[in-house]
Colleague: 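One structure is given below, represented as structure tokens, and several questions about it will come after.
All residue numbers in this chain count up from 1 along the given sequence. Bear in mind the structure is a predicted one, so any value in this text is a computation, not a measurement. Every number for a ligand or one of its atoms is a count from 1 in the order of the listing.
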Amino acid sequence: MSAPRKLFVKTYGCQMNVYDSERMAEQLGGQGYVTTDTPEDADMILLNTCHIREKAAEKVYSELGRLRPLKDANPDLKIGVAGCVAQAEGEEIMRRAPVVDLVVGPQSYHRLPAMDDAVRSGQRALDTDFPDDDKFDTLKSRGKAKRAPSAFLTVQEGCDKFCAFCVVPYTRGAEVSRPASRVIQEARELVDAGVAELTLLGQNVNAYHGHDGGLAGLIWDLAEIDGLERIRFTTSHPNDMDDALIAAHGECAKLMPYLHLPVQSGSDRILKAMNRKHTAESYVRLIERIRAARPDILLSGDFIVGFPGETEEDFEATMDLIRTVNYGQAYSFKYSTRPGTPAAEKPQLPEDVMNDRLQRLQALLTEQQRAIQNSMVGREVGVLFEKKGRIGGQLIGKSDYLHAVYADAPQTAIGQVRRVRIETAGPNSLGGVLVD
Ligand code: SAH
Ligand code: SF4
Ligand code: F3S
């Protein structure tokens with residue numbers, strides 16, 4: 001038998017791309033590929049791209065430029081572009097980058113085996129359809145090889161919300177939910193392979209409707225799986241946080257006390273211009289209800305500064321909202337113009353105004369995150385240990401609240417949720433000792 005072909009995958013963007021990269025590698029596994037960490041010895045290089053902010057496409061073209069010498073050295077090397085830039089600019093990539101053999105969109109990568117056959121026979125292959133058939137029906141099952149304790153599982157894709165700044169509804173298409181039975185089957189396969197924590201993924205995961213009881217119904221069913229210790233989900237939209245999901249945060253022991261609930265802005269004027277369809281007030285009320293169900297929940301958010309038309313007063317409203325909510329984690333971005341989105345037509349704010357606001361916003365968010373991390377000291381938390389640390393007998397894991405935690409622990413603790421008393425808090429991680 002010939003030596004296996006080697007596949008190098010580079011992943012940009014969100015967790016859904018991380019999940020897709022794994023599944024693409026599994027698809028190509030059936031074509032005789034094994035994954036490699038070094039592009040130099042690869043027979044196929046796949047860039048799984050993100051289109052969310054400006055210059056994303058330009059980054060892909062410069063990465064392709066850097067890969068060209070590898071192709072000159074190895075004429076059998078095939079190069080593919082997947083993900084959201086592939087979806088948005090497929091034909092343009094083919095035109096501009098002759099080095100590319102294959103372009104595949106996020107909804108058509110189940111066709112990769114046939115595309116691989118085509119490129120191996122010297123053709124170029126492009127598939128950016130939103131096919132009628134469900135790619136998940138065709139994808140290979142997850143396999144039995146031992147896995148890391150924490151895994152992603154995509155349950156919903158696409159977005160119908162059309163926020164005025166965002167490309168996702170165009171690159172990922174309309175909202176589609178996978179049937180609960182399929183999700184549960186995949187979850188069982190993952191748990192059988194050693195997974196103890198699942199993070200359910202969707203561009204709008206709480207709009208999930210593949211179960212009669214919505215996302216909460218799915219979570220309750222998954223919680224029945226023996227060996228599955230923890231469930232998380234991301235990313236949610238405030239308007240889809242229904243009562244059952246809020247209640248689950250209080251009642252389902254396996255659902256972790258962490259919620260990423262982006263708000264983008266604290267100004268009603270800007271929220272309206274963004275087409276978010278909620279107000280700052282309704283968001284704060286929602287947070288109150290969630291905290292009533294689960295008082296210790298750690299909240300995370302996304303913020304955009306410098307959306308077209310944002311005044312200093314609007315920005316201050318965002319700062320006020322942050323002070324009201326108190327976030328344990330956050331992601332913040334300068335507004336980035338995305339051609340084809342409604343906001344792209346509007347006059348842009350000067351760069352220095354955006355820079356200044358981003359700095360002030362991030363300083364406040366960092367202060368809140370640090371204070372919450374420091375408040376963990378002295379507390380006992382559950383930690384799922386994931387791997388060895390750099391020092392001696394240390395393992396690294398994630399707390400219930402998703403903080404990285406270091407502790408001295410036996411190797412056998414990898415894959416287990418153990419009780420840890422937190423003793424130190426650094427900027428990016430906590431340190432503790434095992435108490436069970
Ligand atoms: N579906 C999720 C997030 C998708 S994109 C949600 O609704 O929240 C992740 C984050 O990127 C967004 O929450 C937003 O904060 C940021 N983002 C999206 N488009 C952007 C743009 N044009 N400029 C700057 N940030 C953007
Ligand atoms: Fe983009 Fe808005 Fe959809 Fe989130 S909800 S993916 S920000 S359009
Ligand atoms: Fe980026 Fe596409 Fe995810 S644009 S953030 S990779 S959905």
Side-chain angles (χ1 to χ4, degrees), residues 9-21 24 47-57 59-60 81-89 104-107 109 128 152 154 156-176 200-208 233-241 259-266 270-271 273-278 283 299-308 310 318 327 329-346 348-349 351 354 357-358 361-362 365:
V9 186
K10 183 164 177 178
T11 308
Y12 305 79
C14 63
Q15 293 106 321
M16 301 197 63
N17 264 11
V18 176
Y19 175 86
D20 290 341
S21 288
M24 287 193 279
L47 305 179
N48 194 9
T49 60
C50 171
H51 203 46
I52 200 81
R53 276 170 287 276
E54 222 170 338
K55 304 204 180 88
K59 269 194 220 152
V60 175
V81 179
C84 292
V85 178
Q87 188 63 46
E89 314 222 335
V104 64
Q107 299 308 344
Y109 63 74
T128 52
F152 293 134
T154 293
Q156 180 277 340
E157 293 194 283
C159 182
D160 297 341
K161 293 274 191 286
F162 291 92
C163 298
F165 50 81
C166 185
V167 291
V168 170
Y170 312 96
T171 61
R172 293 277 176 162
E175 281 179 9
V176 181
L200 311 179
L201 300 180
Q203 266 88 26
N204 231 331
V205 71
N206 56 343
Y208 178 79
F233 60 88
T234 200
T235 294
S236 304
H237 191 285
N239 291 359
D240 293 316
M241 276 312 287
L259 178 64
H260 182 63
L261 197 61
V263 65
Q264 317 298 354
S265 168
I270 295 299
L271 286 169
M274 285 176 164
N275 192 32
R276 289 289 294 184
K277 300 199 172 85
H278 60 76
Y283 179 84
L299 289 162
S300 162
D302 288 347
F303 302 89
I304 296 177
V305 300
F307 186 80
E310 186 188 73
T318 304
Y327 289 91
Q329 178 65 266
Y331 304 86
S332 45
F333 315 95
K334 278 189 286 187
Y335 169 73
S336 176
T337 308
R338 310 310 292 122
T341 61
E345 308 298 317
K346 300 191 181 163
Q348 310 297 302
L349 261 59
E351 193 68 20
M354 292 210 262
R357 287 181 190 165
L358 186 65
L361 184 106
Q362 289 184 338
L365 288 166

Colleague: Go through ligand 3 atom by atom and flag the ones less than 4.0 Å from a non-hydrogen atom of Q203.
Modeller: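 Listed by number with element, the hits are 7 (S).
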Colleague: Excluding waters, which protein N, O or S atoms are within less than 2.8 Å of atom 1 (Fe) of ligand 2?
Modeller: C166 SG
Colleague: Only one of S300, P262, C14 forms a side-chain contact (heavy atoms from CB on, under 4.5 Å) with T235, so which one is it?
Modeller: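 Testing each of S300, P262, C14 against T235, the sole residue satisfying side-chain contact (heavy atoms from CB on, under 4.5 Å) is P262.
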Colleague: Would a distance-only check, ignoring hydrogens and angles, find a side-chain to backbone donor-acceptor pair under 3.5 Å from E157 to V176?
Modeller: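 Between the backbone of V176 and the side chain of E157 there is no qualifying donor-acceptor contact (under 3.5 Å).
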Colleague: What protein heavy atom is closest to atom 8 (O) of ligand 1, reported as residue, atom name and distance in Å?
Modeller: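 Nearest neighbour among protein heavy atoms for atom 8 (O) of ligand 1, to 0.1 Å: P262 CG, 3.1 Å.
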Colleague: How would you list, by chain and number, every residue that makes a salt bridge (Lys or Arg N to Asp or Glu O under 4.0 Å) with E351, sequence neighbours excluded?
Modeller: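 E351: salt bridge (Lys or Arg N to Asp or Glu O under 4.0 Å) contacts with K334.
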Colleague: State, with a plain yes or no, whether a side-chain heavy atom of F165 is found less than 4.5 Å away from one of T341.
Modeller: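 No - every pair of side-chain heavy atoms lies 4.5 Å or more apart.
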Colleague: Mark the output for I52 as yes if a heavy-atom distance to ligand 1 is under 4.0 Å, and as no if none is.
Modeller: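 Yes, I52 has heavy atoms under 4.0 Å from ligand 1.
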Colleague: At under 4.0 Å between heavy atoms, is it the side chain or the backbone of Q264 that contacts ligand 1, or both, or neither?
Modeller: side chain
Colleague: Nearest 0.5 Å, what's the NE2-NZ distance between H51 and K59?
Modeller: 12.5 Å
Colleague: In the complex you have, is atom 16 (C) of ligand 1 within reach of the protein, judged by whether a heavy-atom distance drops under 4.0 Å?
Modeller: yes
Colleague: Could any protein non-hydrogen atom be found less than 4.0 Å from atom 4 (Fe) of ligand 2?
Modeller: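 Within 4.0 Å of atom 4 (Fe) of ligand 2, no protein heavy atoms are found.
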Colleague: Considering D302, L261, N204, which one's heavy-atom position lies nearest to atom 13 (O) of ligand 1?
Modeller: D302
Colleague: Is the closest heavy-atom distance from R276 to ligand 1 below 4.0 Å?
Modeller: yes
Colleague: May I ask you to list the atoms of ligand 2 that are less than 4.0 angstrom from any heavy atom of H237?
Modeller: 5 (S)
Colleague: Show all protein N/O/S atoms under 2.8 Å from atom 1 (Fe) of ligand 3, or state that there are none.
Modeller: C50 SG
Colleague: Give the residue, atom name and distance (to 0.1 Å) of the protein heavy atom nearest atom 1 (N) of ligand 1.
Modeller: Q203 O, 2.6 Å
Colleague: For atom 25 (N) of ligand 1, tell me which residue out of H51, H237, R53 has the closest non-hydrogen atom.
Modeller: R53
Colleague: Only one of N239, N275, D240 forms a side chain to side chain donor-acceptor pair (under 3.5 Å) with K161, so which one is it?
Modeller: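 Testing each of N239, N275, D240 against K161, the sole residue satisfying side chain to side chain donor-acceptor pair (under 3.5 Å) is D240.
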Colleague: Just heavy atoms, cut-off under 4.0 Å: does F333 contact ligand 1 by side chain, backbone, both, or neither?
Modeller: side chain
Colleague: Are any of the heavy atoms in K334 under 4.0 Å away from ligand 1?
Modeller: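 Flag set, K334 near ligand 1.
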Colleague: Can you list everything that forms a ring pair (Phe, Tyr, Trp, His ring centres under 6.0 Å) with F307? Sequence neighbours excluded, please.
Modeller: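 Partners of F307 under the ring pair (Phe, Tyr, Trp, His ring centres under 6.0 Å) test: Y335.
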Colleague: Pair S236, H260 - check side chain to side chain contact (heavy atoms under 4.5 Å, CB included), show working.
Modeller: CA-CA 7 Å; S236 304; H260 182 63; over 6 Å; no
Colleague: Decide if the gap between the ring center of F303 and the ring center of Y327 is smaller than 6.0 angstrom.
Modeller: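 Yes - the distance between ring centres of F303 and Y327 falls below the 6.0 Å cut-off.
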Colleague: How does S336 reach ligand 1, by side chain, by backbone, by both or by neither, if only non-hydrogen atoms under 4.0 Å count?
Modeller: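 Both the backbone and the side chain of S336 come within reach of ligand 1.
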Colleague: For atom 20 (C) of ligand 1, what is the nearest protein heavy atom, given as residue, atom name and distance?
Modeller: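 Looking at atom 20 (C) of ligand 1, the protein heavy atom closest to it is F165 CD1, 3.7 Å.
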Colleague: Starting from atom 2 (C) of ligand 1, which protein heavy atom do you reach first, and at what distance in Å?
Modeller: T235 CG2, 3.4 Å
Colleague: CD of Q362 to CG of L358: how many Å apart, nearest 0.5 Å?
Modeller: 4.0 Å
Colleague: Looking only at heavy atoms, is any part of R338 under 4.0 Å from ligand 1, and if so is it the side chain, the backbone, or both, or is it neither?
Modeller: side chain
Colleague: Could you tell me whether the side chain of Y283 and the main chain of L261 form a donor-acceptor pair under 3.5 Å?
Modeller: yes
Colleague: Can you tell me if Q203 uses its side chain to pair, donor with acceptor, with the backbone of G158 under 3.5 Å?
Modeller: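 Judged by distance alone, yes, a pair lies under 3.5 Å.
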